[in-house]
Amino acid sequence: QVQLVESGGGLVQAGGSLRLSCAASGNIAGINVMGWYRQTPGKQRELVAVIMTGGITNYADSVKGRFTISRDAAQRTTYLQMNSLKPEDTAVYYCKLVQGSWNYWGQGTQVTVSS
């Protein structure tokens, strides 16, 4: 059993910042991948950023230079620091954990960027 709990979403003005958190609990192995995805109503869920246990990261082109993904020392929590937010960043953001062949998703947190 694995559970992901997200927090940190909200309403922010264009150019502002938010920091999302995702805490994993349950039977977490030492080696896994955590990441963030986002989805707008009527559109496919898209990758935002991922981070491996070893620290290797990957970002969508649309957020490079603005967003930063990280993990804590225990490798059970991931963070997404979002700077210079734009209205097009508005979406529901989902945390994901990949462990072996299993995928786990958080409940989603709304991020709204106003003009």
Side-chain angles (χ1 to χ4, degrees):
Q1 293 182 296
V2 174
Q3 184 179 13
L4 304 177
V5 179
E6 301 173 332
S7 63
L11 174 64
V12 66
Q13 291 74 41
S17 298
L18 285 173
R19 191 191 192 205
L20 306 183
S21 298
C22 175
S25 62
N27 187 21
I28 308 299
I31 305 299
N32 56 64
V33 177
M34 299 188 76
W36 292 92
Y37 290 70
R38 65 187 182 187
Q39 186 171 22
T40 300
K43 299 181 180 179
Q44 294 182 355
R45 189 171 299 183
E46 65 177 354
L47 171 69
V48 176
V50 295
I51 184 168
M52 290 71 174
T53 303
I56 299 174
T57 59
N58 191 27
Y59 296 90
D61 289 341
S62 60
V63 306
K64 287 181 179 178
R66 299 189 298 120
F67 291 10
T68 303
I69 188 170
S70 61
R71 298 179 74 157
D72 66 355
Q75 304 295 301
R76 298 178 69 92
T77 304
T78 186
Y79 307 92
L80 185 67
Q81 179 66 46
M82 304 184 294
N83 299 326
S84 301
L85 283 163
K86 305 174 181 179
E88 50 263 44
D89 294 318
T90 296
V92 177
Y93 284 71
Y94 295 90
C95 179
K96 181 182 180 181
L97 171 67
V98 179
Q99 182 168 273
S101 61
W102 297 97
N103 297 333
Y104 303 93
W105 292 93
Q107 80 285 354
T109 184
Q110 177 70 48
V111 172
T112 302
V113 184
S114 64
S115 300

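Counting only heavy atoms from C-beta outward, the side chains of Val92 and Tyr94 approach each other to under 4.5 Å. Using a 4.5 Å heavy-atom threshold, the side chains of Leu85 and Phe67 count as touching.
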Using residues 22-36 as the side-chain source, report each donor-acceptor pair under 3.5 Å to any protein atom, sequence neighbours left out, with the distance given to one decimal.
residue, atom, partner, partner atom, Å
Asn32, OD1, Arg71, NH1, 3.2
Asn32, OD1, Arg71, NH2, 2.5
Asn32, ND2, Ala29, O, 2.9

What side-chain donor-acceptor pairs closer than 3.5 Å can you find for residues 5-17, not counting sequence neighbours?
residue, atom, partner, partner atom, Å
Glu6, OE1, Gly108, N, 2.7
Glu6, OE1, Thr109, N, 3.3
Glu6, OE2, Cys95, N, 2.0
Ser17, OG, Asn83, OD1, 2.9

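Each of Thr78, Leu4, Asn103 was checked for a side-chain contact (heavy atoms from CB on, under 4.5 Å) with Leu97, and the lone residue meeting it is Leu4.
The OG1 atom of Thr57 lies 8.0 Å from the CD1 atom of Ile69; values are rounded to the nearest 0.5 Å. Taking CD1 from Ile51 and OH from Tyr59, the interatomic distance works out to 7.0 Å, rounded to the nearest 0.5 Å.
Applying the side chain to side chain contact (heavy atoms under 4.5 Å, CB included) test to Thr40 and every residue at least two apart in sequence or in another chain returns Lys43, Ala91. Evaluation of the side chain to side chain contact (heavy atoms under 4.5 Å, CB included) rule for Arg19 yields Tyr79, Gln81 as partners, not counting sequence neighbours.
Sorted by first and then second residue, the pairs that involve residues 26-40 and meet salt bridge (charged side-chain N to carboxylate O under 4.0 Å, His left out), not counting sequence neighbours, are Arg38-Glu46, Arg38-Asp89. For residues 29-64, no residue pair satisfies the disulfide bond (SG atoms under 2.5 Å apart) rule, not counting sequence neighbours.
Cluster annotation: Val63 and Tyr37 are assigned to distinct hydrophobic clusters (Ile/Leu/Val/Met/Phe/Trp/Tyr, side-chain heavy-atom contacts under 4.5 Å, transitive). The hydrophobic cluster containing Trp102 does not contain Val98, counting ILVMFWY residues as joined when their side-chain heavy atoms lie under 4.5 angstrom apart, directly or transitively.
Around CD of Gln44, the count of heavy atoms belonging to other residues, nucleotides or ligands within 6.0 Å does not exceed 12.
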